[in-house]
Protein chains: 2
Amino acid sequence: MGAAAERVTEALRQDVLTGVLAPGSRLTEAALAERYGTSRVPVREAVRALAADGFLELRPNAGATVAAVPVDDLADLYAVRRVAEGITASRCAQRVAAGRAEGLVAELSGIVDAGFEALAQDRPAEGARLNAEFHAAVARGSQAQSMTMVLRRVSERIQWAYSTTVAQQGKRAWTEHRQIVVAIAAGNEVRAGQAMERHIERSRASFHTGVRER
Amino acid sequence: MGAAAERVTEALRQDVLTGVLAPGSRLTEAALAERYGTSRVPVREAVRALAADGFLELRPNAGATVAAVPVDDLADLYAVRRVAEGITASRCAQRVAAGRAEGLVAELSGIVDAGFEALAQDRPAEGARLNAEFHAAVARGSQAQSMTMVLRRVSERIQWAYSTTVAQQGKRAWTEHRQIVVAIAAGNEVRAGQAMERHIERSRASFHTGVRER
DNA sequence: GCGTCTCGGATTGTATACGTTCCGGATTTC
DNA sequence: GAAATCCGGAACGTATACAATCCGAGACGC
């Protein structure tokens with residue numbers, strides 16, 4: 001993808017995910033082109049890409065609208081995410097045990113340390129970013145391409161629902177992250193998978209509370 | 001999406017899924033434009049769409065190549081599919097129990113009947129089509145949009161791996177389909193979900209055998 | 001007054017033109 | 001002889017122009 005197209009795609013994705021462009025908003029290619037300072041061609045590419053990810057709905061010859069936040073599907077998304085992330089964590093442990101994941105443990109440890117630091121300094125935005133980074137790193141490290149693909153979409157949709165409330169990464173989350181890294185570093189695939197599944201499940205539970213509190 | 005773009009996307013998808021365009025093949029937009037009788041613009045759209053689904057890999061300014069068939073990820077894909085399809089079947093039963101799924105049971109029953117007929121007449125291609133149709137109908141009927149989206153991608157990737165071997169729908173598959181429909185018709189969400197999960201698991205097992213026999 | 005039909009503006013869809021980037025081969029140099 | 005460099009062609013990336021399609025406002029008829 002060209003530079004402009006990529007830039008527009010990411011900008012538009014952020015604007016949708018953060019709610020700057022509210023669900024139901026009607027988007028015209030011309031307006032987006034002016035908003036992001038480019039022509040309609042890169043805009044088209046971005047719109048198509050986000051529609052494929054389910055963030056936009058588009059009707060033939062009638063433009064695109066921001067889709068509804070998938071609050072009703074949250075439980076489903078978490079169920080899939082739990083399985084998929086359990087697999088990726090398990091694969092990471094396998095690769096470490098086989099000596100084929102040089103640097104992975106160090107990378108994950110670094111993210112966890114940074115996460116605790118963000119927590120101590122009370123910077124929730126940084127913590128949320130590091131949280132996403134951690135799970136993305138596990139997915140990459142698993143070398144399971146299909147799962148990485150599926151997870152990116154699922155996680156983004158969960159994050160989208162999250163964005164309507166206050167996202168907060170508690171101390172427990174980072175403690176659990178650390179436990180997962182320990183299991184991966186030990187090359188224990190069973191424990192790594194189980195630890196990740198429990199982590200996702202608790203994440204779901206705490207989020208569910210947050211939603212109900214609204 | 002315009003008519004031309006949609007046509008090219010589906011044609012290209014079929015050509016990749018059926019192996020007409022072998023993995024590793026290098027694709028240029030100009031060549032595809034000529035092949036499908038249109039200009040480069042709809043071709044670009046199709047290429048981008050298939051790349052997003054993981055069928056093509058594209059490097060900036062250097063064109064697209066057909067990706068590798070995800071044989072190594074098959075176990076992972078089946079694990080996700082099992083959970084996701086269990087959920088959709090369960091949702092169908094819920095909706096039937098609530099009286100909100102008028103016509104769904106009839107639709108599913110019709111597909112199952114057709115499947116048995118294709119089986120009796122020994123038309124494996126028709127059987128494979130109906131199999132995909134059955135699972136797609138369950139996904140639609142569940143009204144779980146996120147799961148439908150995830151499942152489409154996962155199922156297509158599984159089908160892709162399948163296509164390199166001989167796809168065959170046995171009698172057992174259609175018997176299981178019928179059991180799933182019965183559970184849905186009864187509005188029994190637990191049994192519907194479990195029946196679907198078992199069905200997917202057996203499907204995976206029989207496919208695994210097929211792969212090893214190659 | 002309400003429904004329907006038609007027409008005009010607006011927006012998407014496609015084609016073409018041009019600039020930019022990348023890859024591969026030939027040349028040059030060490 | 002091998003490696004690095006440079007150059008030419010080819011393909012992608014973006015912009016612009018034009019055609020096809022759709023939606024809504026207004027007029028007309030009932």
Side-chain angles (χ1 to χ4, degrees), chain A residues 1-17 19-68 145 149 152, chain B residues 1-17 19-68 145 149 152:
Chain A
M1 212 171 348
E6 184 122 20
R7 189 172 54 78
V8 173
T9 303
E10 285 316 306
L12 184 53
R13 188 193 303 272
Q14 285 309 312
D15 285 345
V16 171
L17 248 68
V20 173
L21 295 174
S25 306
R26 185 145 185 281
L27 307 177
T28 71
E29 294 182 357
L32 292 175
E34 186 175 7
R35 178 186 177 97
Y36 298 117
T38 180
S39 85
R40 274 180 51 209
V41 178
V43 168
R44 268 184 79 80
E45 198 161 309
V47 167
R48 291 310 204 272
L50 294 186
D53 286 355
F55 294 118
L56 303 181
E57 285 175 354
L58 36 85
R59 289 172 306 176
N61 300 305
T65 59
V66 179
Q145 296 191 332
M149 239 174 56
R152 190 181 63 74
Chain B
M1 208 170 350
E6 185 124 18
R7 189 172 55 78
V8 173
T9 303
E10 285 315 306
L12 184 53
R13 189 194 303 272
Q14 286 308 311
D15 285 345
V16 171
L17 247 68
V20 173
L21 295 174
S25 305
R26 186 143 186 284
L27 307 178
T28 71
E29 293 182 357
L32 292 175
E34 188 175 5
R35 177 185 178 98
Y36 299 117
T38 180
S39 84
R40 275 180 52 209
V41 177
V43 168
R44 267 184 79 79
E45 199 160 308
V47 167
R48 292 308 204 272
L50 293 185
D53 286 354
F55 294 117
L56 303 180
E57 284 175 352
L58 36 84
R59 287 172 308 175
N61 299 307
T65 59
V66 179
Q145 295 192 331
M149 237 175 56
R152 188 181 65 75

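Chain A is the first sequence line, chain B the second, and so forth, proteins listed ahead of strands; every chain is numbered from 1. Here the structure is a predicted model, which is why all the values come from computation and not from measurement.
Every salt bridge (charged side-chain N to carboxylate O under 4.0 Å, His left out) that D53(B) has, sequence neighbours left out, goes to R13(B), R152(B), R153(B). In terms of the side chain to side chain donor-acceptor pair (under 3.5 Å) criterion, Q145(B) has no residue partners (sequence neighbours excluded). With sequence neighbours excluded, the residues satisfying salt bridge (charged side-chain N to carboxylate O under 4.0 Å, His left out) with R40(B) are E29(B). Every residue was checked against the side chain to side chain donor-acceptor pair (under 3.5 Å) condition with R26(B), not counting sequence neighbours, and none meets it.
Residue pairs meeting the ring-ring contact (aromatic ring centres under 6.0 Å, His included) criterion with at least one partner in residues 27-54 of chain A, sequence neighbours excluded, do not occur; the list is empty.
At a threshold of 4.5 Å between non-hydrogen side-chain atoms, the residues R48(A) and L58(A) count as touching.
In this entry the distance linking CD of E29(A) with P of dT14(C) reads 11 Å, nearest Å. In this entry the distance linking OH of Y36(B) with C1' of dG13(C) reads 20 Å, nearest Å. At whole-Å resolution of the value, CD in E6(A) and P in dC12(D) are 17 Å apart. Here the P atom of nucleotide dG13(C) and the CD atom of E45(A) are 14 Å apart, to the nearest Å.
Considering only the side chain of R44(B), dG13(D) comes nearest among dG13(D), dT14(C), dT12(C).
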Close N/O contacts between protein and nucleotides 15-24 of chain D (under 3.5 Å):
residue : atom : partner : partner atom : Å
dA15(D) : OP2  : T38(A)  : OG1          : 2.8
dA15(D) : OP2  : S39(A)  : N            : 2.9
dA15(D) : OP2  : S39(A)  : OG           : 2.6
dT21(D) : O3'  : N61(A)  : ND2          : 3.3

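Dashed line: the shortest gap from a side-chain N or O of R26(B) to OP1 or OP2 of dC12(D) is not under 4.0 Å.
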